Amino acid sequence: MIVLSGLVCAHNEEARLAQCLERLAFCDEIVVVADRCSDRTESIARQMGARVVSGIFPVEGLRKEAGVAACRGHWIVELDADEIVPPALAQEIRETVAREDAGDWYQVPVDNFVGERLVRRGWGGSFGASSVARLFRKGVKSWKSERVHPGTTFTGVYGGRLSHAILHKVDDDIADMVQRLNRYTALRGQDLADRGAIKSLWDDLFRGVRRFYKCYVSRQGYREGDLGFLIAIMAGLYPLLSNLKAREIRFLNSQDVQTIRGGGSSVVNLDAEDARLGRPA
């Protein structure tokens with residue numbers, strides 16, 4: 001009987017996927033959602049015995065839901081390809097799901113690494129987490145239809161927080177961290193533009209300052225030195241950059257409409273699409 005499924009959603013993760021899947025060997029099955037992969041992600045997953053769901057999922061929430069639907073276990077442990085489950089956590093997960101009085105979903109601590117350095121403090125503000133709800137019964141967790149960090153809802157009984165942590169390789173270095181901020185805010189900006197949820201810049205400037213304070217002071221990012229300061233800056237910039245990119249997308253969309261009505265060239269349409277995808281025109 002399949003009790004526990006390991007679920008990994010991946011996009012071109014050939015460099016990291018094998019290590020992630022090796023550490024999921026304690027699961028009864030592994031499901032990999034391969035989203036628009038053009039590298040060896042799918043073949044690596046199959047070689048390691050995983051069942052693969054291949055497709056195009058422009059919205060992160062949809063690929064999560066597709067992965068859960070493919071899982072046959074009563075319980076699911078959910079990972080990203082840049083995360084691994086150490087042996088102590090694997091044992092704790094198996095013991096938890098075997099308990100008769102188990103809850104329906106659990107928070108799991110996260111140890112975040114930048115390069116080889118463990119950074120324990122200061123995470124938050126949509127730029128990192130020190131705890132995530134990744135162990136749950138099938139049917140308990142659902143995601144909103146959003147491109148990045150979709151909101152989640154849970155039904156059932158909260159079981160608490162596990163003791164052992166997922167190991168997460170967040171970024172290779174500072175340059176990688178900056179690229180991630182650019183990528184995340186481009187996707188978040190598209191979500192905001194689609195929903196028409198663009199706030200005033202002053203609102204998001206205030207939110208940014210508040211997030212910086214929370215990450216750097218309340219969550220003790222100052223104890224992590226330069227990286228703690230940088231993480232707090234990134235968390236503070238996240239809402240402001242997302243808002244600015246949403247405004248840019250809205251402006252380019254309005255230019256699209258004017259060009260179409262005027263019978264102009266389609267070049268503007270291409271530029272607008274590049275902006276929506278976060279690519280240079």
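Note that the structure is a prediction, hence the values are computed from the model and not measured.
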Leu240 CG to Lys199 NZ distance, which is reported to the nearest 0.5 Å: 12.5 Å
NZ/NE/NH1/NH2 to OD/OE distance under 4.0 Å, Arg195 and Glu146: yes
Among Arg120, Lys169, Arg121, Arg117, the one residue meeting salt bridge (Lys or Arg N to Asp or Glu O under 4.0 Å) with Asp111: Arg120
Phe113 atom CZ, neighbour heavy-atom count above 12 within 6.0 Å: yes
Arg207 side chain to Gly236 backbone, donor-acceptor under 3.5 Å: no
Polar side chain donor-acceptor pair, Glu29 to Ser5, under 3.5 angstrom: yes
Heavy atoms of other groups near Leu205 CG, more than 12 under 6.0 Å: yes
Asp28 (side chain) donor-acceptor with Leu4 (main chain) under 3.5 angstrom: yes
Spacing of Glu65 atom CD and Lys144 atom NZ [to the nearest 0.5 Å]: 13.0 Å
Residues Arg16, Glu13: salt bridge by 4.0 Å N-O rule: yes
Non-hydrogen side-chain atoms of Ser130 and Val110 separated by less than 4.5 Å: no
Ser131 and Gln107 side chains, donor-acceptor separation under 3.5 Å: yes
Shortest non-hydrogen separation from Ala102 to Trp75 and the atoms involved: CB-CZ2, 4.0 Å
Side chain Arg219, main chain Trp123, donor-acceptor under 3.5 Å: yes
Closest approach of Val77 to Cys27 (non-hydrogen atoms, all atoms of both residues): CG1-SG, 3.6 Å
Leu118-Leu227 co-clustered via ILVMFWY side chain contacts under 4.5 Å: no
Aromatic ring proximity His11/Phe57, centre distance under 6.0 Å: no
Tyr106 ring center near Phe136 ring center (under 6.0 Å): no
Verdict with reasoning, Phe127 to Arg211, per side-chain contact (heavy atoms from CB on, under 4.5 Å): CA-CA 10 Å; Phe127 202 67; Arg211 286 188 176 192; over 6 Å; no
Euclidean distance, Leu21 CG relative to Ile30 CD1, rounded to 0.5 Å: 5.0 Å
Within one Ile-Leu-Val-Met-Phe-Trp-Tyr cluster: Val31 and Met1, side-chain cutoff 4.5 Å: no
Backbone of Ala175 reached by a side-chain donor or acceptor of Asp173 within 3.5 Å: yes
Residues Ser242 and Thr185: side-chain donor-acceptor under 3.5 angstrom: no
Student check: side-chain heavy atoms of Leu24 and Phe26 closer than 4.5 Å: yes
Any side-chain donor near an acceptor of the partner, Gln91 and Arg94, under 3.5 Å: no
Same apolar cluster (I L V M F W Y, side chains within < 4.5 Å links), Leu201/Ile249: no
Whether Phe154 and Trp105 hold their rings parallel, tilted or perpendicular, with breakpoints at 30° and 60°: parallel
Non-hydrogen side-chain atoms of Thr41 and Val52 separated by less than 4.5 Å: no
Side chains of Glu42 and Ser54, donor plus acceptor under 3.5 Å: yes
Nearest-0.5 Å distance, CG of residue Leu79 to CD1 of residue Ile84: 9.5 Å
Gap separating the CD atom of Glu224 from the CG atom of Leu230, nearest 0.5 angstrom: 12.5 Å
Test item: Cys9 and Asp35 side chains (from C-beta on) under 4.5 Å apart, heavy atoms: no
Any side-chain heavy-atom pair of Pro86 and Leu167 under 4.5 Å: yes
Side-chain heavy-atom pair Arg147, Gln190 within 4.5 angstrom cut-off: yes
Flag, side chain of Asp80 to backbone of Asp82, donor-acceptor distance under 3.5 Å: no
Val97 side chain near Leu135 side chain, heavy-atom distance below 4.5 Å: yes
Contact summary for Gly122 and Ile231, nearest pair of heavy atoms: O-CG2, 3.6 Å
Donor-acceptor contact below 3.5 Å, side chain Asp172 vs main chain Gly115: no
Verdict with supporting geometry, Phe229 and Tyr216, side-chain contact (heavy atoms from CB on, under 4.5 Å): CA-CA 6 Å; Phe229 179 76; Tyr216 195 64; 3.8 Å; yes
Basic-acidic side-chain contact under 4.0 Å: Glu83, Arg23: no
Residue pair Cys71 / Ile76: nearest heavy atoms and the distance that separates them: CB-CD1, 3.9 Å
Check: Glu14 side chain, Arg40 main-chain N or O, donor-acceptor pair, under 3.5 Å: yes
Lys214 NZ: over 12 foreign heavy atoms closer than 6.0 Å: no
Side-chain touch Ser142/Thr152, heavy atoms, less than 4.5 angstrom: no
Test item: Lys245 side-chain N/O and Asn182 main-chain N/O as donor-acceptor pair under 3.5 Å: yes
ILVMFWY network linking Ile44 to Leu7, side-chain heavy atoms under 4.5 angstrom: no
Charged N-O contact under 4.0 Å between Asp104 and Arg137: yes
Minimal non-hydrogen separation, Val33 against Arg63, with atom names: CG2-O, 3.9 Å
Steps toward side-chain contact (heavy atoms from CB on, under 4.5 Å) verdict (Leu89, Val108): CA-CA 9 Å; Leu89 176 58; Val108 185; 4.0 Å; yes
Heavy-atom pair with the smallest gap, counting every atom of Cys215 and Ala235: SG-CB, 3.7 Å
Side chain Asn243, main chain Ile198, donor-acceptor under 3.5 Å: no
By ring-ring contact (aromatic ring centres under 6.0 Å, His included) - contacts of His164 (at least two apart): none
side-chain contact (heavy atoms from CB on, under 4.5 Å) evaluation trace for Leu162 with Thr96: CA-CA 9 Å; Leu162 301 187; Thr96 299; 3.7 Å; yes
Donor-acceptor contact present, side-chain Lys141 to main-chain Ala133, <3.5 Å: yes
Verify same cluster id: Val132, Ile93 (apolar side-chain graph, 4.5 Å): yes
